[in-house]
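Let me begin by presenting the structure, written as structure tokens, before commenting on it.
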There are 2 protein chains.
Amino acid sequence: MTDRQKMFMQFIDKFIRDNGYSPSVREIAKGMGVSSTASVKNMLDRLEQSGALKRTGNIARSLETPSVGIPVLGRIKAGVPVTSEENVEGYIRLDKPIGDNHFFLRVDGESMRDKAILDGDCVLIKMTNHIKHGQIGAFRLNGEVTLKTFEMTTAGIFLMPANADFAPIPVGEYDEFQVIGTVKMVIRALEGGYDIEPA
Amino acid sequence: MTDRQKMFMQFIDKFIRDNGYSPSVREIAKGMGVSSTASVKNMLDRLEQSGALKRTGNIARSLETPSVGIPVLGRIKAGVPVTSEENVEGYIRLDKPIGDNHFFLRVDGESMRDKAILDGDCVLIKMTNHIKHGQIGAFRLNGEVTLKTFEMTTAGIFLMPANADFAPIPVGEYDEFQVIGTVKMVIRALEGGYDIEPA
DNA sequence: TCCATGTGCGAACGCCTGTTCGCCTATGGG
DNA sequence: CCCATAGGCGAACAGGCGTTCGCACATGGA
């Protein structure tokens with residue numbers, strides 16, 4: 001994406017945030033200081049083609065910046081990529097300064113109880129390979145997805161539960177191991193105070 | 001709001017969720033099974049007047065269902081109503097099936113640690129006088145606001161911490177005591193993963 | 001009985017808005 | 001030099017869209 005294209009995106013984004021509806025072609029032209037609607041259409045066509053923008057043909061103010069519903073992944077099936085459609089159990093809509101390298105994971109089990117993350121909570125995962133000693137993250141170990149504290153010591157890598165009922169998991173040289181990402185937020189619903197959109 | 005008006009709101013709401021932009025007057029007419037755009041405008045005028053809907057005059061598809069910024073209350077000052085402006089430290093924007101009898105409270109202290117609610121978490125409070133034995137709620141006791149589990153026994157009312165370092169608090173007959181509301185959701189940000197709008 | 005309120009009809013007006021067409025300029029490989 | 005790519009101009013078209021006007025018909029309280 002060129003600098004010019006980024007400027008258009010920023011304008012559209014801000015307009016939608018400020019007004020709650022998307023700008024018209026002419027409003028974009030005015031805001032960006034070009035005089036022809038054709039120039040704007042040109043730009044929108046390219047932005048849409050690159051996937052930065054979503055439009056619905058011939059419909060007024062139907063511009064969308066695609067990025068609001070963050071998927072909530074439930075029990076992760078073995079053998080498929082984590083973010084596979086099959087694992088999506090719903091969506092949580094977020095105000096969007098968040099990238100598409102994020103998803104929510106519904107916590108299964110009590111192994112992180114003492115870090116105040118309970119069975120059924122939703123944790124926001126930022127997908128990344130960079131994780132530091134002591135950070136909580138999501139990992140894939142021999143096909144199983146798990147939420148643990150990451151510890152890297154002279155004895156090797158350990159995935160630490162936060163619950164005395166569970167044992168630390170050493171990551172062996174020949175284990176299939178992958179850092180899925182780090183935990184950025186925890187959301188817990190109590191007594192039906194909160195909905196996720198159905199998948 | 002009449003039943004008919006609720007149906008219109010539901011339609012508009014769903015349309016926006018599904019399409020990302022608001023319906024036109026004619027689309028509403030079609031969707032609601034009325035044949036005149038004037039009827040729809042009539043309805044929209046009333047919905048707007050009652051505050052259920054926001055519009056921008058003469059602008060296509062500018063319908064908004066006011067998405068509410070729920071205030072986040074920080075340290076509650078003594079002597080002022082809980083929801084007083086002075087206590088607001090920011091806002092969290094929620095998709096709106098939530099009433100204005102809700103607010104977020106930023107948790108101060110570790111007294112609910114064993115219920116997985118930590119210092120600095122944001123809890124969504126539904127303001128109500130109705131609370132059941134065993135529910136977590138926010139209370140005002142002799143001017144202090146506190147988050148505890150509510151217990152009602154033959155020995156009286158107790159506010160129970162979830163942390164062995166804190167003692168149960170009996171509510172005496174002459175205490176100034178008020179149930180502020182019940183906890184509906186817990187949100188925790190880790191490592192800057194999440195922003196609240198400034199107040 | 002009278003009147004306010006909620007809901008509806010159909011037609012017409014006029015601005016709003018996305019699209020199209022043809023043409024132009026600058027930049028940077030090959 | 002040729003050409004692809006990014007960006008832009010101005011005019012015109014056709015359908016989208018909110019608004020207005022005048023009228024109609026129930027319901028329910030005064």
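Chain letters run A, B, ... following the sequence lines, proteins first and then strands; every chain starts at 1. Both backbone and side-chain heavy atoms feed into the values below; hydrogens, waters and symmetry mates do not.
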Just how large is the angle between the end axes of the helix from C:dT1-D:dA30 to C:dG30-D:dC1, five pairs per end, to 10 degrees?
20°

Can you name the residues that form a ring pair (Phe, Tyr, Trp, His ring centres under 6.0 Å) with B:Phe8, not counting sequence neighbours?
none

Nucleotides bounding contact with chain A, strand DNA chain C, heavy-atom threshold 4.0 Å
C:dT17 to C:dC21

Just verifying a value: how many Å separate B:Asp108 CG and B:Leu147 CG, rounded to the nearest 0.5 Å?
10.5 Å

What I'd like to find out is whether the side chain of B:Phe139 reaches to under 4.5 Å of the side chain of B:Ile180, using heavy atoms alone.
no

Taking B:Asn163 for the side chain and B:Arg113 for the main chain, is one N or O donor matched with an acceptor at less than 3.5 Å?
no

Report yes if some heavy atom in the side chain of B:Leu44 is under 4.5 Å from a heavy atom in the side chain of B:Leu53; otherwise report no.
yes

Quick one about A:Lys148 and A:Ser111 (side-chain donor to acceptor, distance below 3.5 Å, no hydrogens or angles considered), yes or no?
yes

For nucleotides 15-30 of chain D, 5' to 3', base contacts (B), sugar-phosphate-only contacts (S) and non-contacts (-) with protein non-hydrogen atoms under 4.0 Å give --BBBBB---------

Would you list the protein and nucleotides 4-7 of chain D atom pairs, both N or O, that sit under 3.5 Å from each other?
| from | atom 1 | to | atom 2 | distance (Å) |
| --- | --- | --- | --- | --- |
| D:dG7 | OP1 | A:Thr2 | OG1 | 2.7 |
| D:dG7 | OP2 | A:Gln5 | NE2 | 3.3 |
| D:dG7 | OP2 | A:Arg46 | NH1 | 2.6 |

Taking atom CD1 of B:Ile12 and atom CG of B:Leu47, what is their separation to the nearest 0.5 Å?
6.0 Å

A:Asp175 and A:Asn142: side-chain donor and acceptor closer than 3.5 Å?
yes

State whether a side-chain donor-acceptor pair under 3.5 Å links A:Thr128 with A:Lys126.
no

Nearest-0.5 Å distance that lies between atom OG1 in A:Thr56 and atom CG in A:Leu63:
9.0 Å

Locate the shortest heavy-atom distance separating A:Arg61 from A:Glu27; write the atom from each residue and the value.
NH1-OE1, 2.8 Å

Quick one: which residue pairs count as a side chain to side chain donor-acceptor pair (under 3.5 Å) with a foot in residues 32-46 of chain B, not counting sequence neighbours?
B:Lys41-B:Asp45, B:Asn42-B:Arg46, B:Asp45-B:Arg55

